[in-house]
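Below: the structure, in structure tokens.
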Amino acid sequence: MHSIHGHENDALIIGRFQPLHNGHLEVIRKVSAECDHVIIGIGSAQSSHTSENPFTAGERYLMMSETLKDEGIDNAMIVPVEDLNRYSVWVSHVESICPPFSIIYSNNLGTRRLFTEAGYEVRHAPLYNRRDHSGTEVRRRMANGGDWRSLVPEPVAKVIDAIDGVGRIRSMGDFDGGI
Ligand code: ATP
Ligand code: MG
């Protein structure tokens, strides 16, 4: 049912992008070259201002759109996707807010399982230099004064500077007791 004619070579990539880093960008480059259209789902869109999810969906959207522009990638669409916490309807939820697609790139076992059951072609996203290139490592370096800039595309660093992202991450403990 999902395979609307003409979308056989359109793919979805989903991540939280907290923040978008060079490992994500390598996958986006590869998929945008291989596929007709790439839909980039910004996961946990409702979350921000936590140590795991410091940036809002809007801020992450801007990091992504500025990077795509910088890269000259013009066949990507960005869709913020909120969590549902009800796995049986997760695929329908994603389908209801994204343009049609037939392929999904993910290494997450739960995501792979759900989209396989729904009849999608599920592909592995190749990992690029995963030891350093993870959102967790970028946030860790932002918190402890390490070199996080070398792990993210330049437009991402510009957005983070403009919103004082480092200051936000360092103040994350301030939210722990509630507002
Ligand atoms: P976090 O550490 O915050 O979980 P993350 O780096 O795992 O961040 P996510 O925003 O959770 O990134 O997005 C997960 C998606 O990004 C997965 O599909 C994963 O395979 C892909 N991904 C993450 N790191 C890399 C990398 N270094 N190279 C290629 N793909 C990556
Ligand atoms: Mg992750």
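Whatever order the structure lists them in is the order used to number ligands and atoms, beginning at 1. Quick note: residue numbers are just sequence positions, from 1. Values in this document were obtained by computation on a predicted structure and should not be read as measured data.
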Do the ring planes of F115 and F101 sit parallel (below 30°), tilted (30 to 60°) or perpendicular (above 60°)? tilted

Could you tell me whether R29 atom CZ has more than 12 heavy atoms of other residues or ligands within 6.0 Å of it? yes

For N108, enumerate each residue passing the side-chain contact (heavy atoms from CB on, under 4.5 Å) test, keeping only those at least two apart in sequence or located in another chain. S106, T111

Strictly distance-based, threshold 3.5 Å: is any side-chain N or O of T67 a donor or acceptor partner for the main-chain N or O of P155? no

From the options V156, V138, N129, D132, select the one residue that forms a side chain to side chain contact (heavy atoms under 4.5 Å, CB included) with H21. V138

Mind jotting down which protein residues get a heavy-atom contact under 4.0 Å with ligand 1? Chain and number order, please. I14, G15, R16, F17, H21, G23, H24, V27, N107, P126, L127, Y128, R130, H133, S134, G135, T136, R139

With side chains defined as the heavy atoms from C-beta onward, is the minimum distance between L12 and Y120 less than 4.5 Å? no

